[in-house]
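As structure tokens, the structure follows; a few thoughts come after it.
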Amino acid sequence: MANRAFDPAALERYRQFLGDLIDELENDIVPSLRDGALKKAPAFGSSPGATEHAAAEYADFHATTWRNLQYLRGTLYGLRAGLQSAIDNGGVVDQQTATDILRLTDGDDLYA
């Protein structure tokens, strides 16, 4: 399989960008859902049935959001690890990795 070469400095900038996203996710967003204000459902009013219906909807929303954040978290960590591997190899990657990198970026300034 053919190899492709990317600019290691550009890969490092993208890796750092992903690191910043991970930091924001880990330090701001996840704690808010896990322990903060978004952990508890808001008060939904006093009209008949509102609390039961809204509470169930909120529980679904919260579970879906939490699950999607965990998927995002795994994706960001995987991307960062893949970029680090490419950087460690001097920017040279196999064709499948190159395709993955280009699919997730617009490709600007990544080529050596």
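As the structure is a computational prediction, the values presented were derived from the model and not from experiment.
- Atom-to-atom distance recorded for Gln70:CD and Leu33:CG is 9.5 Å, nearest 0.5 angstrom.
- Going from atom OH of Tyr58 over to atom OG1 of Thr65 covers 8.0 Å, rounded to the nearest 0.5 Å.
- Going from atom CG of Asp88 over to atom CG of Leu11 covers 10.5 Å, rounded to the nearest 0.5 Å.
- Inter-residue side-chain proximity for Phe6 and Ile87 is flagged as unmet; no heavy-atom pair is nearer than 4.5 Å.
- Taking every heavy atom of both residues into account, Pro8 and Gly91 meet most closely at CG-N, 4.0 Å.
- Note that the CZ atom of Arg67 and the CG atom of Leu72 stand 14.0 Å from one another [nearest 0.5 Å].
- Surrounding OH of Tyr77 are more than 12 heavy atoms belonging to other residues, nucleotides or ligands, all under 6.0 Å away.
- Scored by the side chain to side chain donor-acceptor pair (under 3.5 Å) test, Arg80 finds no partners at all (sequence neighbours excluded).
- With sequence neighbours excluded, no residue forms a side chain to side chain donor-acceptor pair (under 3.5 Å) with Glu57.
- A distance of 10.5 Å separates CZ in Phe17 from CD1 in Ile22, rounded to the nearest 0.5 Å.
- Within the structure, the salt bridge (Lys or Arg N to Asp or Glu O under 4.0 Å) test picks out the following pairs touching residues 15-36 (sequence neighbours left out): Glu12-Arg15, Glu26-Arg73.
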